Amino acid sequence: MSESPASRRDELASRLRDVRRDVDEAAARAGRGGDEVRLIVVTKTWPVGDVRLLSSLGVTEVGENRHQECRTKVEALAGLPVRWHFIGQVQSNKAAAIAAYADSVHSVDSVRVARRLDAGARQHQREVECFVQVSLDPDEETRARRGGLTSDDLLGVAEAVEEAAGLRLRGVMGVPPRHGDAQAAYRQLRVLSERLQHRFSHAAAISAGMSGDFADAIVEGATHVRVGSAVLGQRPALR
Ligand SMILES: *Cc1c(COP(=O)(O)O)cnc(C)c1O
């Protein structure tokens, strides 16, 4: 990686332009405006310099999936006008610490995590917006490994978030199965979103869609897409 920052900036600018165009096109196809979809750029594994470059290119929403890495970046980039989205599995013993810096947590998948996020948020006099993560994986074993709750538990966890003074319920989040039909999974997520809105009408956000499938997710109603490699390039190592 001996690239000069100038060429890295050009590279990010060009990929970002393409992704924004694709977001707008998918939104238009779905009869929605591109401004109804928020682009979160996922910077996991990439250096803070890339986050600075992205910010200079107008990116305001940044996603990370690991507590240590995210906290380090938040501290190194204090004052940069970006909002931090925590999108990885939340270990409940890290939840309070995550609530100290994250603006948004997309991966709330238990009452216990909700309560601990709330404790951390209140301790730091913050409000953290939350998405309840539902599993779109077909079987129990995969679900346990990749996180997310079953549709049976959705309303109970949403209720715990809704009741928490330090948290604000925004909607649902889902990750499609590794192999399989992403669009079908996103259709299922939309049904779960409708179920949630039936009870909490303000919780209408849908966090769905990654580099390979964000257009499908937008067609199925995604309001927040989480895009990493399509903007930053292939990650250095699989994680
Ligand atoms: C890494 C990650 C993404 C982004 O994945 P890309 O394929 O690089 O766009 C989105 N959501 C979650 C939960 C992730 O961990």
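On a predicted model such as this, the values are computed, not experimentally measured, just so you know. In listed order, ligands and their atoms are each counted from 1. Just so you know, residue 1 is the first one in the sequence shown, and it goes up from there.
Of all the atoms in ligand 1, the ones that sit under 4.0 Å from a non-hydrogen atom of Lys44 are 1 (C), 2 (C), 3 (C), 14 (C), 15 (O). Less than 4.0 angstrom separates some heavy atom of Ser229 from each of these atoms of ligand 1: 6 (P), 7 (O), 8 (O), 9 (O). Of all atoms in ligand 1, numbered sequentially from 1 with element shown, those under 4.0 Å from a heavy atom of Val227 are 9 (O). The Ser211 neighbourhood of ligand 1 comprises atoms 6 (P), 7 (O), 8 (O), 9 (O), with distances under 4.0 Å to a heavy atom of that residue.
At least one heavy atom of Arg235 lies less than 4.0 angstrom from ligand 1.
When only non-hydrogen protein atoms are considered, atom 5 (O) of ligand 1 lies nearest to Met210 CE, 3.7 Å. Of the protein's non-hydrogen atoms, Ile87 CD1, 3.5 Å is the one closest to atom 12 (C) of ligand 1. Closest to atom 4 (C) of ligand 1 among all protein heavy atoms lies Arg226 O, 3.6 Å.
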Might you work through the side chain to side chain donor-acceptor pair (under 3.5 Å) test for Thr223 and Glu36, ending with a clear yes or no? CA-CA 6 Å; Thr223 59; Glu36 292 173 44; over 6 Å; no
Verdict with reasoning, Ser135 to Arg146, per side chain to side chain donor-acceptor pair (under 3.5 Å): CA-CA 8 Å; Ser135 173; Arg146 301 182 79 212; over 6 Å; no
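A distance of 6.0 Å or more separates the ring centres of Tyr101 and His124.
Because its NZ or CZ atom is not both nearer than 6.0 Å to the ring centre of Trp46 and within 45° of the ring axis, Arg52 does not count as a cation-pi partner of that residue.
Taking the charged nitrogens against the carboxylate oxygens, Asp24 and Arg20 have no contact shorter than 4.0 Å, which rules out a salt bridge. A salt bridge links Arg15 with Glu11: the closest approach of a Lys/Arg side-chain nitrogen to an acidic carboxylate oxygen falls below 4.0 angstrom.
Val172 and Val175 fall into different hydrophobic clusters, where Ile, Leu, Val, Met, Phe, Trp and Tyr residues are linked whenever their side-chain heavy atoms come under 4.5 Å apart, directly or through other members.
Taking distance alone, with nitrogen or oxygen atoms compared against 3.5 Å, Gly228 approaches ligand 1 more closely than that limit.
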